[in-house]
Each structure stands twice: as C-alpha cells, then as structure tokens.
Amino acid sequence: MSAVSRRNSIVSVPIKNIERELICPICKELFTHPLILPCQHSVCHKCVRELLLLNHEDSFDAGSECSLPGSPGPRSRVPSPSMERLDRLARSAGSISSPGWRRGSVTPRVTTFPCPGCQHDVDLGERGMSMLFRNFTLESIVERYRQAARAAVAIMCNMCKPPQQEATKSCMDCKASYCNECFKFHHPWGTPKAQHEYVGPTMNFRPKVLMCPEHEMEKVNMYCEVCRRPVCHLCKLGGSHANHKVTSMSSAYKILKEKLSKSIHYLISKEDQVRTQISHLEVLINETEENGQVAECGAYEHFERLFQTLQERKSEMLNSIEQSRTRRLEQLRGQVEEYQGMLENSGLVGYAQEVLKETDQSCFVQTAKQLHTRIAKSTESLRTFHPAANPSFDEFVLETSREETMLKELCFGGVPEPPIIDLSRSHVYNEGLLCWQLAEDTLATDHQVLEYRRLGAEQDGDSRWRLTDRVYGPSTVVCDLEADSLYSFRVRSCRNSLYSPYSPEVTFHTPPAPAFGFLFNDNCGFSSERLALSRRRDSVESMAGMAFLLAAERVQTGSYMGLDYIIGDTGISQGRHYWAFRVEPHSYLVKVGVASDSKLLEWFHNPRDTSSPRYDHDSGHDSGSEDTCYDLSQPFTLLTVGMGKMFLPKASISAGSDHGDHSNRVLPMPQRIGVCLDYDAGRVYFYDADTMRCLYERQVDCSGTMYPAFGLMGSGKVHLEEFITEKRLSYM
C-alpha cells in the first residue's frame, strides 16, 4: 500500500474509532465542557470542581452535583449549565473556583490538585478556574462523535412549528439549528443576519472569538511560548506574561499546524513499523499468558509437594502421639488395678487374709513366702508412690518458629531489579540528598541500602564503602561529607532477604565550603514595581512593567540601563560559605555575586535612571573601563550572565591572550551556578555547580558585612537551590 493510499485510509477512518481520545481521565465518560490545564491535559469542567472538593478539608454542600472522580459507574445526572453561562461561571473567582471558600470564611482557598494525566501538581493561583481555557476543538470533536454515535437520531429545527423538520444547518451567531425554509426566513438577504456564520447541524455552539480568561474583554491574539497558551496584548504589556517570549497567533498556528501535520505524516509513513510492533506486542501478550500459566502450574506443584510433605509429617506425629497415649493409659490402668488389690477384702489383701486361715504349717509356709514378697513390694510402693506413666506430652510440642520464618522468607519474585539514582533530584553539599527510582515493572521491595565512599582517599586509608541505615523510601540524606571532595554513590534494593545488584555508580563533588542558607530579602531596596518575588522568597523575576516604559520614554539618546538589585536576607561576617542558584535560560541580563553593606547603601539610596554601560567597573560589557582598576579590591563582585551565556571580566584572561577575542571570555551558562565567599581571605569564587569546576575568582574587599547580591534587567529570573532555602529542614 502506498503512502498516499495509507494516508487516505487513515483520514477515512470513522470517528467512532477515536473514542479513547475523547474520554475524561477522571469520570471515564465523554468530555463535557473540557478545560485545558497548564500541563496541556484536558479535564471536564465538573471534574475540576470535584478534584478541588476532594483536596479541601472543609465540608462543602455540593448537593447531588458531585460524584466520585474515577468512579466506573454512571455519574449523577444534574442539569448542565448553558453554554452562555459556562464562561461566566468559569470566570467567577468565588465559590466555583475555590470550593469550600465563602465570603467572610477563614478557611484558606484551595486551588491546587494533581493532574490525573501526568500527576504533576496544577496550581490555579488566585484566579482559580478562571485562568483555564475551554478546549473548544475537543468539544467539537466530541460533538461530532456523539452525532456519529446517534446517526439515527437527527437534529431537529428549533424554529419549526409542530411537526418539526430535520435541521440542515446551524447558525453559530444565533446558536440555533434550522431547516432550509426557516433558515431563509430568519436570515433574509440584505440584512445583517445574512452574514451570520453557519455550519452543518450541531449541538455545540462555541464562541466565534476566543477571549482572554484574565482580561475578559480582550481577544487572544498572541501565543506565549513559555506557558504554551494563547494570551492577549494586555497579558504581554504588563501582565503575568510580560517577560515571556510570545509570537503572533498566525505564526503559532502555522508552526504548530505544520509540526502536527509532519508528526501525523511521519506516523502514517511508519504504519508498517507500527503494525509490526503491534504484532510483536501481541506475541508478547501470548507469551505472557502462557508463561504465567506455566509459572502458576509450577507454583501449584511446589506447594502441593510442600503440603504433601507436611501431611506426611503430620500423620507420623499423630500416630506417635496415639501410640504413646495408648501405652501410658495401659500402664496407669494396671497401676490402678494393683492399688485396688491393696484394699480390704479385695485383691491381694483378701487373698492374704484367706491364707492366714491355713492351719497346716508346711502348706502355709509354702504359700506365705511368695505372698509375703508381693505384699512387701506393695508396702514399698505405698512409701514411694510413683505413677507408672507421665501424663505430660511435652516431647510432642512442636517448635516451628524457624520453619515459619523460612516459609515467610520464601522468595517468589526472584532477585529485585537495581534502582537508578536520579541525578536531576539528587544534590550534594556538605550534606547530600540522594534520590532514586525503582523499575516500573518491579515488585515492592522491603528496603534500600545506600553506600558511598570518598574517592582519592586511598592514601588516608578511608576509601572503604560506607553503608547507611535501611531506607524505606525513595530518598535519604547523607551527613558529614567532607568539603571539596569527590564522592561515589550506589544503592541496591532488598526483597525477602535477597539483594539486587548495585545501581550504576554516580559521582558528586562537594562544594569547597558549607552551604549558606538564605532567602531573598523583600525589604532592603526591593522594587516591587519591577521585581516579582515568589511567596516562599526563593525565586525572583524581573518584569518590564509600566514604570520601566515611562522611565525609558524620557531617554531620547544614548543607552538606557536600569539594574534592579535584590540581596539575601542573611549576611556574612566571617568564615567560608557556599550557595547555588539557577538562572533561567531566557534571561536577558542578570548579575550575580556578592556586595558589602556599604556598597548596597550606595546602590539603593542613589538610584540611577539612566547610565552608560561604562559606569560600573564590573558592568560585564566590553567597554574597557573596568580594566583600568580591576586589579583594585572592590567591596563587591558581580558576574554577568544572560542569553544563555556567562561573561568573564577581561582581567581574568591571561596577559598573553587577545583582549579583543570574545570567545575566551564567553562561556555557556551553567545550569546551576555556585558562589563561594572566603570572608577571611577576602576572595570570591564562581563555580559550575554541577561539576564544581571553578570558572572565575577574584579578590574582594570584605571590610563590612557581605551579602549575596543579584541584579536583573529586562527579562530575567533566578531560583535559589532548595537546599539553600530550606534552612529549617531536618537535614540542614
């Protein structure tokens, strides 16, 4: 089959074959008014409300409207809101977007829930559900699917008097369906209604223009490439997308449609490969079923043999107990009969009394001698009474604890698969946070054991592997790591006393100094007009707001530059300290380093609206001004990063190199940047925090209290490392 014919066959597939793509992951039914989450997955409008309800601790009277998400049974049927009211309801930031919150209530609003598709946390923010777009494209496809499913049920004209005629078209402006005659009557030529947009019969009337959920009166005309969602011009001018890269809607439409078309054509061209892989998967399914049956039969036989062995041992033991019981009963009953003979006029005593009546001496002596021996034995038994048998059966009490332990530890899953250390989530400072992942198809393990050792310590005799305590989760913390050292880590799992092989070893280089914990300072010199600080104060972003535009409007000639500074909330007055952070790759210009309290007073209390790039000695620009005094010790050091690059000052290049060669001074921006300040030595170091390679160092005047300092201009964002910000965590 040619590629063209295959493409045509794919296009002509009935719409009912795509049903699995039209099912809500929560209610397991066809989408109803789907909303697009920030992670690009779609969920029913009603299901989002139910998710928020489940994540709220307060009770909320939702009536019969709510059903349990993910329930396989039918959902409670309630009247759906009209299409005209739905947008208005979605934009209300009250009880709908924050279930359980009421005016005047002290209960906090809950706007976070896990996405049912990817399990990532979705934070709706202050606007709640009003920030979500309706997925009109998905709505249209679901409507076409419904029509195909009920092909025998026609859509009737909304205007006909009884008997109603079958509709032939629907007006998207009037939001009604018409037969031919009614459409001509209600849309006469020469009137504005004649220009209305009409489509085939449908029950899905979506708006002709997509409006911005944040600015209800504005049409979306741009596409944010950072957030991957449509935005309006107000969002870009001074809203939450001011510093994000955007493109025109037509350009985004063209690019995304071209990408989607190419992806579809690629899949179509690989149809033979897909069918081959499907056949391979079907073979694997059959092999899985067969091997599962074989394993089941094998397990059944093994257990039957165990049961048979136990049954045999059980029968042997029960027979031994029965024989011992019979023997002991016979002995005790014989002893009872013997003692009964000692009673008067019965048994041995009665016989002896009759013998005493014998008068013939010879006959008496002949009988009395043997009788006296018997009576003497009976007399002796009275003095030292001992039962003929022990009634206790202690020798038959079983001690099976060891066997029970062996049975419990009987391994059915084989040797577990080794875990894999997650480099993206593992970070090592003077203490290390190590995270790992287990194989997806593995059975549950009992615990994990992490081992680590310091490399290059053979001469110290300290190169042995060290073991942590048993870990019952996917991560652990290793303490007391030596500074500026290379460590190797590995982990293995244990199940039923069987250990997996070790994971591949990973190495981390510890920083040259203990981690310094701080957050961004939102008081000292912080500009709330141009800097946006996260609620946890662990990230800061510069915003090109209205104040920036008004300041730039006053500049007619020359270069405009305005750095907005922000510092840490904790200062350094002694010792060596290290901290790390991330600069977003799209950032235009960010300066990072340290500054003394005296220099900060100058920056914060003598603001400059305009300045030349030659103003600061460490401006980061190729002006040449910093070379004249760079050898002098300054009370600050700031390194320039931006546009995915890191710019080293000229003074850091060797004397024999060409100062005009930018390639020696421009480095790729590391994913994580580390700064180490040696206050006592008056020196600051900049590192690639992933490899702990020193990129630049210089002298700095530490005459006062030094603070971590950051300067941002234009679009930029800085995130502090979690290990730095979480100063009060148990492992800090």
Subject >> Within 6.0 angstrom of E296 CD, more than 12 heavy atoms from elsewhere >> reply: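 It does not: E296 CD has 12 such atoms or fewer within range.
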
Original post:
For Q277, does the CD atom have more than 12 heavy-atom neighbours from other residues, nucleotides or ligands under 6.0 Å away?
Top reply: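 Above 12, so yes.
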
For the residue pair [X] and [Y], establish whether any side-chain heavy-atom pair is separated by less than 4.5 Å.
X    : Y    : answer
R492 : S500 : yes
E721 : H427 : yes
L398 : M317 : yes
I36  : R229 : no
P419 : T445 : no
V428 : Y487 : no
I26  : V43  : yes
L720 : F710 : yes

Rounded at 0.5 Å granularity, tell me how far [atom1] in [X] sits from [atom2] in [Y].
X    : Y    : atom1 : atom2 : answer
Y687 : C694 : OH    : SG    : 4.5 Å
S42  : I23  : OG    : CD1   : 13.0 Å
H280 : I285 : NE2   : CD1   : 11.0 Å
E403 : R313 : CD    : CZ    : 10.5 Å

With a 3.5 Å cut-off and sequence neighbours excluded, list the donor-acceptor pairs that the side chains of residues 502-520 form with protein atoms.
| residue | atom | partner | partner atom | Å |
| --- | --- | --- | --- | --- |
| Y502 | OH | E451 | OE1 | 3.3 |
| Y502 | OH | E451 | OE2 | 2.7 |
| S503 | OG | V491 | N | 3.0 |
| S503 | OG | V491 | O | 3.3 |
| E505 | OE1 | S488 | OG | 2.8 |
| T510 | OG1 | E482 | O | 2.7 |
| T510 | OG1 | D484 | N | 3.0 |
| T510 | OG1 | S485 | N | 2.8 |
| T510 | OG1 | S485 | O | 3.1 |

Which atom pair, heavy atoms only, marks the closest approach of [X] to [Y]?
X    : Y    : answer
R537 : D569 : NH1-OD2, 3.6 Å
N523 : N521 : N-OD1, 2.8 Å
E584 : H719 : OE2-NE2, 2.8 Å
Y499 : C494 : CE2-CB, 3.6 Å
R672 : D690 : NH1-OD1, 2.6 Å
S539 : L533 : O-CD1, 3.3 Å

For the backbone of [Y] and the side chain of [X], can you confirm whether one donor and one acceptor N or O come within less than 3.5 Å of each other?
X    : Y    : result
S426 : C435 : yes
S534 : D538 : yes
T468 : L450 : yes

Original post:
Only one of F686, Y685, W579 forms a side chain to side chain contact (heavy atoms under 4.5 Å, CB included) with C676, so which one is it?
Top reply: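 Looking at F686, Y685, W579, the match for C676 under the side chain to side chain contact (heavy atoms under 4.5 Å, CB included) is Y685.
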
Original post:
Could you go step by step and tell me if T476 and Q448 meet the side-chain contact (heavy atoms from CB on, under 4.5 Å) rule?
Top reply: CA-CA 10 Å; T476 189; Q448 281 73 233; over 6 Å; no

Original post:
Between R683 and D678, is the closest basic N to carboxylate O distance under 4.0 Å?
Top reply: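 No, D678 and R683 are not salt-bridged.
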
**OP:** Please report the C-alpha distance between Y696 and M646 in whole Å, then the side-chain angles of each, then the deciding distance to 0.1 Å, and finally whether the side-chain contact (heavy atoms from CB on, under 4.5 Å) criterion is met.
**Re:** CA-CA 11 Å; Y696 173 67; M646 172 178 281; over 6 Å; no

**OP:** Check ring-ring contact (aromatic ring centres under 6.0 Å, His included) between H41 and all other residues, then give those that pass, not counting sequence neighbours.
**Re:**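 H41 satisfies ring-ring contact (aromatic ring centres under 6.0 Å, His included) with no other residue.
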
